[in-house]
Amino acid sequence: MTNNHQERWTRVKGRLRAEVGEDIFSSWFARMELESVESETVRLSVPTRFLKSWIQSHYAERVLACWQGEEPLVRRIDLSVRSTMMRPAAAATTKPVSPATVTVRHDPAPVGFGTLNGHAAAPIASATPAAASAHDSIGGSPLDPRLTFDSFVVGRANSLAHAAAKQVATARRGDPVMFNPLYVHAAVGLGKTHLLQAIAWAGNAGGERRVLYLTAEKFVYGFVSSLRTQTTLAFKEVLRATDVLLIDDLQFLQGKSTFAEFSHTLNAMIDAGRQVVVAADRPPLDLENLDDRVRSRLAGGLVVEMGSFGEDLRLEILQARVASARNHHAAFDVPAPVLAFIAKSVTHNGRDLEGALNRLLAHSKLTGQPVTMELAEREIRDLVRPQEPRKVKIEEIQRIVARRYNVSRGDLLSSRRTANVVRPRQIAMYLAKTLTLRSLPEIGRRFGGRDHTTVLHAVRKIENLVGNDLALAEEIEAIKRELQE
């Protein structure tokens with residue numbers, strides 16, 4: 001390659017920098033190198049598949065135009081991923097294409113990793129300090145091939161969440177967004193991740209929209225990595241360029257700067273009409289780490305709770321899992337009475353149901369013995385958990401206390417200081433502290449934005465009164481029973 005070609009490449013990079021700006025140039029083009037110039041074809045290389053895919057999708061025509069500004073005879077750009085071990089003298093010959101086009105050799109996608117725009121994200125383990133780049137920090141989280149809509153069992157507890165997720169998955173690019181964001185919350189093991197990954201699989205299969213699935217942990221990792229490698233602009237652009245952004249386990253989001261970035265991303269996506277789907281283990285208003293504006297934005301979409309599985313749904317899930325297991329283990333059989341026993345006894349969540357079946361499958365495969373009721377009783381006894389008390393919500397406490405003392409819930413949240421409002425408000429705060437796991441600052445926020453010291457004063461006040469006023473103690477016990485029924 002002659003010095004003349006290198007000089008032209010330097011001028012082309014100058015044109016690119018002037019057109020896209022220094023930040024974008026540094027993020028996407030700083031590590032692009034000239035490999036060769038052959039007749040009408042310019043061969044360029046970048047260090048990662050992600051950079052290749054992104055440049056092809058967003059800047060291919062601009063790169064070609066900049067080259068043609070220096071050399072009008074150039075009709076084609078060949079973009080490849082260069083090896084870190086050796087630099088070939090010239091890239092392999094590609095098939096002829098029509099004039100003024102860009103050709104890119106696509107690599108096969110690794111199985112089991114989330115994808116963006118149809119291109120697989122490299123596993124985190126493949127990254128090295130020398131090759132740290134935007135694609136390493138924003139590749140999608142791994143997808144489980146079992147978690148699809150076909151394997152999701154629908155019942156009364158999850159039908160609304162399933163319908164909303166299916167609507168998101170089947171929408172087409174350009175369709176108006178029906179509800180944004182879609183916020184799904186449930187306890188552990190009730191199917192939140194299953195639904196989000198099902199949306200991701202459906203989107204990737206369709207190929208029309210760019211779908212990115214991230215756990216909160218991966219979002220944090222990606223943002224921190226982009227700060228460390230000075231590719232924050234790339235991080236922002238990739239997130240905002242997706243058509244559907246799926247964030248799982250939002251309750252694990254940590255860090256003040258990460259919260260700010262999530263807030264900016266959420267606002268940018270919604271304002272641009274792009275779909276956001278979030279899953280967490282509690283409603284938006286109960287996420288104490290997020291600020292009020294983000295909580296309000298999350299609550300402004302469709303918030304759906306996935307409830308605990310009823311016995312009928314648990315039985316359907318077990319039957320579906322047994323049928324799936326038979327695809328690989330044809331001899332595996334669980335008698336109907338045994339399935340009914342497991343459905344009745346294992347009540348906590350879907351993962352416990354899966355664990356119970358896996359134990360029976362292991363026993364059947366390893367010993368060759370049939371599955372019996374005696375075996376099931378022995379194998380799953382540690383999965384049979386005592387019935388947990390009903391989970392009480394602050395909103396329920398406020399509603400029931402307001403009704404008992406003939407005031408409105410708005411009165412409890414207001415700044416009114418009359419006696420007929422102050423005492424019920426203190427009782428409600430006391431019950432919120434004793435019947436929920438919420439912190440004093442969180443309780444104060446849920447009672448009209450009060451300070452935690454106000455809540456502490458109310459709790460101590462009612463504790464002292466209960467010790468001396470038998471009638472009040474009985475009243476509060478009656479409210480507790482009503483809340484826990």
Side-chain angles (χ1 to χ4, degrees), residues 157 183-190 192 216 249-254 259 278-292 294-296 298-299 303-309 347-349 385-405 407-415 421-467 469 472-485:
Y183 186 101
V184 179
H185 66 98
V188 173
L190 296 182
K192 304 184 299 295
D249 288 325
L250 185 64
Q251 70 274 7
F252 294 133
L253 203 64
Q254 297 292 332
F259 290 138
V278 176
D281 66 354
R282 66 200 74 164
L285 295 180
D286 288 355
L287 290 170
E288 299 178 16
N289 291 333
L290 298 179
D291 65 38
D292 289 339
V294 178
R295 277 193 293 264
S296 175
L298 291 172
V303 178
V304 183
E305 181 178 11
M306 299 174 69
S308 300
F309 299 152
T347 61
H348 198 63
N349 59 48
R385 308 185 187 187
Q387 188 68 29
E388 294 183 355
R390 183 175 179 273
K391 190 176 180 180
V392 178
K393 298 180 179 179
I394 291 179
E395 291 83 356
E396 291 178 306
I397 294 173
Q398 293 168 340
R399 178 174 52 81
I400 289 176
V401 169
R403 186 177 63 203
R404 177 171 284 267
Y405 291 98
V407 295
S408 71
R409 181 169 175 267
D411 288 334
L412 298 182
L413 306 185
S414 73
S415 59
V421 172
V422 170
R423 178 59 54 81
R425 182 187 295 137
Q426 290 175 334
I427 290 172
M429 289 181 177
Y430 166 79
L431 290 170
K433 183 65 180 73
T434 55
L435 297 181
T436 76
L437 298 178
R438 301 300 174 215
S439 64
L440 293 176
E442 171 67 6
I443 294 171
R445 189 179 64 78
R446 303 285 285 278
F447 278 83
R450 287 176 162 77
D451 188 79
H452 75 279
T453 57
T454 303
V455 181
L456 182 61
H457 170 75
V459 171
R460 289 176 175 170
K461 176 79 170 177
I462 299 302
E463 284 176 343
N464 291 333
L465 289 174
V466 165
D469 188 335
L472 179 61
E474 290 178 350
E475 245 179 54
I476 290 177
E477 284 302 314
I479 296 173
K480 285 183 179 180
R481 286 194 297 272
E482 185 175 356
L483 286 164
Q484 292 173 336
E485 286 177 353

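The CD1 atom of I476 lies 10.0 Å from the CZ atom of R404; values are rounded to the nearest 0.5 Å. Separating the CZ atom in R450 from the CG atom in L456 is a distance of 15.0 Å, to the nearest 0.5 Å. The OH atom of Y430 sits 12.0 Å away from the CD1 atom of I443 when rounded to the nearest 0.5 Å. With rounding to the nearest 0.5 angstrom, the CD1 atom of I397 is 12.0 Å from the CD1 atom of I427. Note: L412 CG to Y405 OH = 11.0 Å, rounded to the nearest 0.5 Å. The line from CD of E305 to NE2 of H185 is 4.5 Å long, rounded to the nearest 0.5 Å.
Of all heavy-atom pairs between L298 and P284, the closest is CB-CB, 3.9 Å. Of all the heavy atoms in P283 and Y183, the pair that sits closest is C-OH, 3.6 Å.
Counting only residues at least two apart or on different chains, the salt bridge (charged side-chain N to carboxylate O under 4.0 Å, His left out) pairs with a member in residues 433-444 are D286-R438, E442-R445, E442-R446.
Distance alone, capped at 3.5 Å, places no donor-acceptor pair between the N464 side chain and the K461 backbone. The closest donor-acceptor contact from the side chain of K192 to the backbone of V278 lies at 3.5 Å or more, if one exists at all.
Every side-chain contact (heavy atoms from CB on, under 4.5 Å) that S414 has, sequence neighbours left out, goes to R416, R425. Partners of R295 according to the salt bridge (Lys or Arg N to Asp or Glu O under 4.0 Å) rule, which considers only residues two or more places apart in sequence or in another chain, are D292. With sequence neighbours excluded, the residues forming a side-chain contact (heavy atoms from CB on, under 4.5 Å) with V304 are L160, A161, L182, L302, listed by chain and number. Legend: residues meeting side chain to side chain donor-acceptor pair (under 3.5 Å) with D451, ordered by chain and number and at least two apart, are T453. With sequence neighbours excluded, no residue forms a salt bridge (Lys or Arg N to Asp or Glu O under 4.0 Å) with D249.
Atom CZ of R403 has more than 12 neighbouring heavy atoms from other residues, nucleotides or ligands inside a 6.0 Å radius.
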Walk me through it: do K480 and E477 pass the test salt bridge (Lys or Arg N to Asp or Glu O under 4.0 Å)?
CA-CA 5 Å; K480 285 183 179 180; E477 284 302 314; 3.6 Å; yes
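Partner of I462 under the side-chain contact (heavy atoms from CB on, under 4.5 Å) criterion, chosen from M429, Q426, H457: Q426.
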